[in-house]
Amino acid sequence: MTFDLAKWRAPVLAGLVLLLVLASKAPEVWAGFFPDNDDQMRLQQVRDLLGGQGWFDVGQRRLDTPEGGAMHWSRLPDVFIAALIVISAPLLGPAGAEHFALTVWPLTLLAITLAGIALSVRRLGGVQAGMAAAIGLFALSASSYNFWPGRIDHHGLEAALVSIAFAAVLSLGRSVRSGVIAAGCLVIGLSVALESLPAAGALILAMGLLWIVNGAAEARRLAAFG
């Protein structure tokens, strides 16, 4: 399957506009601004991981001192942020690498989420205008706040996973691969936070209904999904 840019020009342009608008807030990150306290705590958890704290030790000694507070957060989001810091540190230095990660990670998740939204609309029969309109509606919603530079808490990752899982469920080919992708996204999302449970439940229900409606055509995909 080849990618025809001409058929995706409108949603790509809409997505780039949104990315550029949010990227304009990057200087605030470099000035030390965080959109939310949870983003500060996430960065501290990443710093502790890079500093040698154990994978299963998510206690924050600066919280509820001197014993420390046991965080309930998954380590999975930390991996991606930490990787960006490690990769960019030789060029940007420790502080610059953190600022780079705080900017790039939310915008990367935004690009993934927008791709999932556009693909879902296309698979539902929408044309370029429909895909661009869906991206515009997303941009105007409160959800776009989760992708501001500096917003490194887990909500952006959850949104990206759900959008890709939804697009996979809508796969016109009903391939085994789409079932595996949808299942993988839901499993990772649930391991990051149980806030993904309503979306996971809805998509599991959708897969079951598709099997009831389409019968044998869905059997292999549903088995892979399960």
Side-chain angles (χ1 to χ4, degrees), residues 19 22-116 143-165 180-200:
L19 283 167
L22 293 189
S24 68
K25 303 185 82 59
E28 297 178 5
V29 173
W30 290 71
F33 170 77
F34 283 85
D36 192 272
N37 291 337
D38 285 352
D39 303 313
Q40 294 177 309
M41 186 58 71
R42 174 66 69 185
L43 179 59
Q44 187 57 57
Q45 187 164 294
V46 171
R47 286 174 174 173
D48 289 342
L49 178 64
L50 292 173
Q53 188 177 39
W55 178 266
F56 296 105
D57 178 10
V58 290
Q60 282 297 322
R61 307 300 183 261
R62 300 162 189 78
L63 215 66
D64 192 22
T65 55
E67 296 83 3
M71 298 296 292
H72 63 282
W73 288 352
S74 165
R75 277 286 191 199
L76 280 177
D78 299 347
V79 173
F80 304 101
I81 303 165
L84 287 171
I85 292 174
V86 170
I87 291 170
S88 59
L91 293 175
L92 302 176
E98 286 188 354
H99 294 149
F100 175 78
L102 288 167
T103 302
V104 170
W105 179 235
L107 295 179
T108 300
L109 292 176
L110 175 60
I112 295 171
T113 303
L114 296 181
S143 298
S144 62
Y145 169 73
N146 290 310
F147 301 94
W148 284 16
R151 194 79 172 99
I152 57 171
D153 197 11
H154 58 267
H155 302 297
L157 178 57
E158 287 181 285
L161 290 167
V162 169
S163 70
I164 295 301
V180 172
I181 291 173
C185 288
L186 296 185
V187 168
I188 295 171
L190 288 172
S191 68
V192 169
L194 281 180
E195 295 162 348
S196 297
L197 187 58

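Small disclaimer: the values here were computed from a predicted structure and weren't measured. Along the sequence shown, residues carry numbers from 1.
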Atom of Pro35, atom of Tyr145 and distance for their closest heavy-atom approach = O-OH, 2.8 Å
task = Would you indicate whether the side-chain heavy atoms of Gln40 and Asn37 approach each other to under 4.5 Å?
result = yes
inquiry  = Can you confirm whether Phe100 sits close enough to Leu91 that some side-chain heavy atom of one is under 4.5 Å from a side-chain heavy atom of the other?
reply    = no
request  = With rounding to the nearest 0.5 Å, note down the distance linking CD in Glu158 to CG in Leu194.
outcome  = 9.0 Å
task = Look up atom CG in Leu157 and atom CZ in Phe147, then write down how far apart they are to the nearest 0.5 Å.
result = 9.0 Å
request  = Taking the side chain as every heavy atom from C-beta outward, state whether Leu161 and Leu186 have any pair of such atoms under 4.5 Å apart.
outcome  = no
Between side-chain atoms of residues 104-116 and protein atoms elsewhere (two or more places apart, or another chain), which donor-acceptor pairs fall under 3.5 Å?
unit_1 : atom_1 : unit_2 : atom_2 : d
Thr108 : OG1    : Val104 : O      : 2.8
Thr113 : OG1    : Leu109 : O      : 2.8
Thr113 : OG1    : Ala160 : N      : 3.4

ask   = Do you know the tightest heavy-atom contact between Asp39 and Asp153?
value = OD1-N, 3.0 Å
query = Side chains of Trp73 and Asp78: closer than 4.5 Å at any heavy-atom pair?
reply = no
request  = Please confirm whether the backbone N or O of Ser144 pairs with a side-chain atom of Arg151, one donor and one acceptor, at under 3.5 Å?
outcome  = no
ask   = Is there side-chain contact between Pro77 and Arg42, with at least one heavy-atom pair below 4.5 Å?
value = yes
ask   = So, do Val79 and Trp55 sit near enough that their side-chain heavy atoms are less than 4.5 Å apart?
value = yes
note = Separation between OG (Ser74) and CD (Gln45), nearest 0.5 Å, reads 8.5 Å
remark   = For Pro149 and Ala23, the nearest pair of non-hydrogen atoms, with its separation, is CG-CA, 4.4 Å
key: Closest heavy-atom pair and its distance - Val29, His99   = O-CD2, 3.8 Å
task = Write down the atom of Ala97, the atom of Leu92, and the distance for their closest heavy-atom approach.
result = N-CB, 3.8 Å
request  = Say whether, by atom type as modelled, one donor and one acceptor occur between the side chain of Asp36 and the main chain of Asp38 under 3.5 angstrom.
outcome  = yes
key: Heavy-atom side-chain proximity of Gln53 to Arg47 below 4.5 angstrom   = no
